[in-house]
2 protein chains.
Amino acid sequence: MANLQNGYSKKKQLDVVVVGAGLVGSLEALYLAKRGHRVRLYEYREDIRKTPTARGRSINLALSVRGRRALKDVGLETHMIKEHGIPMTGRRIHRTDGSTYAIPYDANTKQCIYSVGRNYLNGQLLQESEKYENVERYFNHKLLEANLKKGSLTFLKTDTNENVHVTADLIIGADGAFSAVRKAMMKRPFFDFSQKYIEHGYLELCIPADDNGGFQMPPNYLHIWPRGEFMMIALPNQDCSYTVTLFMPFTKFKSLDTEEKLLAFFEKYFPDSIPLIGKEKLVEDFFAESPSPLVAIKCRPYHVEDKALLIGDAAHAVVPFYGQGMNAGFEDCTLLDELFKKHNDNLAEILNEFSETRWKDTFAVSDLAMYNYIEMRDLVTRTSYRLRKAMDDFIFWLLPNFWVPLYNSVTFSTMPYSQCIKNREWQDKVLKRTLSFAGLAAVIGAAVAYKIRYKL
Amino acid sequence: MANLQNGYSKKKQLDVVVVGAGLVGSLEALYLAKRGHRVRLYEYREDIRKTPTARGRSINLALSVRGRRALKDVGLETHMIKEHGIPMTGRRIHRTDGSTYAIPYDANTKQCIYSVGRNYLNGQLLQESEKYENVERYFNHKLLEANLKKGSLTFLKTDTNENVHVTADLIIGADGAFSAVRKAMMKRPFFDFSQKYIEHGYLELCIPADDNGGFQMPPNYLHIWPRGEFMMIALPNQDCSYTVTLFMPFTKFKSLDTEEKLLAFFEKYFPDSIPLIGKEKLVEDFFAESPSPLVAIKCRPYHVEDKALLIGDAAHAVVPFYGQGMNAGFEDCTLLDELFKKHNDNLAEILNEFSETRWKDTFAVSDLAMYNYIEMRDLVTRTSYRLRKAMDDFIFWLLPNFWVPLYNSVTFSTMPYSQCIKNREWQDKVLKRTLSFAGLAAVIGAAVAYKIRYKL
């Protein structure tokens, strides 16, 4: 029999089409290639490796443990961490008077997150896929139509204007928040879907390297200018620049309609950033583009029978405030790979279990990301927040296996996101129940002592 | 000047296209016609007045105060209430032993809801529009494309396969839960949208008239067989039949895959309905069609500048358990008409205010409808529910202007839906705060006395 060779059953090579060669699609292609399947990767845009990015404007992302685990699986973690990523050990808060202070992410075990360039990482993933003969890459292919139940797709080759018909055993939609594969899924009954735009938009600015080509601010931090209703953040780039992102209500953006108003606004709220960005560049960049919207997307189920699956932003775009969008997408690929092993490449079982189990964690990380915007721009400056964080860190230090604070479980563990929330709810209950007035005083005393000990 | 005639300013006649000639679209056409605007009504299906409906299978709806107010405005209330609608004064609960008891909707003022035929009412609305020269009706027109910002639409005339291009000052999308106008809106940024399918589906059965052409059950009730996880309801029709609807989880429907299983299920849970429906007809109808899904849709904003607006199910499809889907859609038309008056036909202001103010009430009625499914199929049988209802009714009787129970405010008043919920939350608080144990005992005593007095 064709399936038997040398006396053992040879696994069937699946023919998989991945739509979208962004971060998650490219990673998924590697996972599938490693399992010996044929992978065709279709991307609407041109090859990102051929697109030069403007210096200092490359978007950077925070890589944390879930993303690292996936990169490790495909052999790229060491390179991304050691050669490229810039460690960020905590938040550095900028006050309006220009003074700053640090809030470490993990004062106990010194874990950190890494600022990595989106385009660089995407290029690395694609480059890695060149090592596999069973991966084919097709750029400039726009998805026009999909019959997911039949596993057939029609692309428009945008450089030649030809239509290309493709069929596959499995279609994986990794084509982002405005996924064309998901649009085809939406036509089917029983597909729950929501998209929610938040009232805030974002606009990118840049703090360039100094005259000696060095960083203008301490690089090993995620810099935050929290101002209650709005905030600005900055992440370091490889070239010693910072990508600065201003998050604000659209109405606020709209009100800053002259150079004078813009500068007065920055003088009032972000005075220390003006010489760093440069007054001229600030005005130029601010008015060069409109602020972009931020959307959160939830849907379920993620699959169609044994034929199609959504992963990454296509399945669960989140607002960026927990730094978990890419990490959650990468975790999809890791979990999917585990299911391929568990169900021995049986697509019906793999897709069904992924759909049934993954949504509660992606819904959870979406809610966490919404919450964290409030923490980052507002709560972080409050005494109640700092007191709670000191308490959390203290008990975590005392009992590291028993008490993992929320941020640490999300960022530095692979605990399912929904479990992170449950864990926090449990901690809230414990604190509420056990902290009598006397107990509270003792904990505050201990936390203060701990802060002094570690010079926080 | 052209705008001045006989010394007063003549209002500009707006050119409005209404997409969808269902209940809400047809009503909206009448409202606009009365204001003197030109209305073109486009409908995908053929003229409902030419479609004979199978006897006893016509879907019926519960018309309550919000819907009545709208029908009154266009001159159809009296006919629909006096000539056609069948009053339902309360719920009649069927126990598994076949015995029944009534729970009146409004024991104090004897208000009732009316069972009306969907197709009949739709026909009446269309017929009424024939009286206006400024209304044109186009059936068999399927919306293919819409440029909402420009106010242009392309329809496919399905009987001749021609494309028809139309432009208008205003496009009103009243094309139902799967609205094509809304699909065009979804392509625009900042459009929040969610669709959620519930785990339960529905299937329609029929209790025919008896041999003398009369009702087989007391007609002036909404009959309910509440069974916790699922339920069956029946609404009376003009021809003395009942439309029976079985609501159940899809998994439950699926498990009843043989005649034996179906009959055993009905013998156990709905024994009194078997002779009413007829054993043979029950089996035939149950297996004739698959159960239908139920979807709830929320979105916002409802408008595009001064050019396009969603109303009715297109804007806010709800699950059917509060009997408010049509009523809420009709209320859209009433409120919109008030805004036309208020803003003197200024479309930008009308559409903006409708969008800004209406969503919180449609979100509220959607949540109420979800909640009421649990009340109807489960809570209604519990002592706690009946005790609360008795209390509510008693205080309502005592202080009718001060204490309107939730169901009554939703069904028998035009209080904004969101206000109905706030009102209930306030009532919950009042009851919780003021009812000491002694107070509770007194109220229970009074409620019991009240029940005895009114023989409930």
Side-chain angles (χ1 to χ4, degrees), chain A residues 142-145 176-180 182-203 248-254 289-304 310 315-319 352 355-356 359-360 362-363 366-367 370, chain B residues 142-145 176-180 182-203 248-254 289-304 310 315-319 352 355-356 359-360 362-363 366-367 370:
Chain A
K142 181 185 176 179
L143 183 61
L144 292 182
E145 265 188 59
F178 300 98
S179 170
R182 194 184 62 227
K183 274 191 194 111
M185 252 186 221
M186 272 202 68
K187 291 179 189 160
R188 300 170 51 87
F190 305 111
F191 185 71
D192 286 351
F193 173 77
S194 84
Q195 64 182 35
K196 180 162 180 51
Y197 287 85
I198 64 172
E199 280 172 52
H200 294 232
Y202 73 95
L203 194 139
M248 275 198 317
F250 280 96
T251 47
K252 188 80 196 157
F253 275 112
K254 220 173 172 180
E289 280 183 69
S290 301
S292 304
L294 292 163
V295 68
I297 283 171
K298 291 180 182 176
C299 65
R300 66 182 288 219
Y302 296 136
H303 75 301
V304 174
L310 299 175
H316 47 74
V318 299
V319 291
N352 185 58
S355 236
E356 285 290 309
W359 68 271
K360 64 179 189 300
T362 61
F363 281 31
S366 184
D367 297 342
M370 285 284 187
Chain B
K142 181 185 177 179
L143 182 61
L144 292 182
E145 266 188 58
F178 300 98
S179 169
R182 194 184 62 227
K183 272 188 197 115
M185 254 187 219
M186 272 203 68
K187 291 178 188 159
R188 300 170 51 85
F190 306 110
F191 185 71
D192 287 350
F193 173 76
S194 85
Q195 61 181 36
K196 180 161 180 53
Y197 287 86
I198 63 171
E199 282 172 49
H200 294 231
Y202 73 94
L203 193 138
M248 277 201 311
F250 281 96
T251 47
K252 189 80 198 160
F253 274 113
K254 219 174 173 178
E289 279 184 68
S290 301
S292 303
L294 292 163
V295 69
I297 284 171
K298 291 181 180 175
C299 65
R300 65 180 288 220
Y302 296 136
H303 75 302
V304 174
L310 299 176
H316 47 74
V318 298
V319 292
N352 185 59
S355 236
E356 286 290 309
W359 69 272
K360 62 179 190 303
T362 60
F363 281 31
S366 184
D367 297 342
M370 286 282 188

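So that the names make sense, note that chain A is the first sequence line, chain B the second, and so on, each numbered from 1.
By the salt bridge (charged side-chain N to carboxylate O under 4.0 Å, His left out) test, Lys298(A) pairs with Asp367(A), sequence neighbours left out. The salt bridge (charged side-chain N to carboxylate O under 4.0 Å, His left out) test applied to Lys252(B) returns no partner, not counting sequence neighbours.
Neither the backbone nor the side chain of Phe178(A) has a heavy atom closer than 4.5 Å to any heavy atom of chain B.
Atom-to-atom distance recorded for Gln195(B):CD and Gln195(A):CD is 10.0 Å, nearest 0.5 angstrom. Annotation: the span from Lys183(B) atom NZ to Lys183(A) atom NZ amounts to 12.5 Å, rounded to 0.5 Å.
In this pair, Tyr197(B) and Phe190(A) present their aromatic rings tilted. The plane angle is within the 30 to 60° band.
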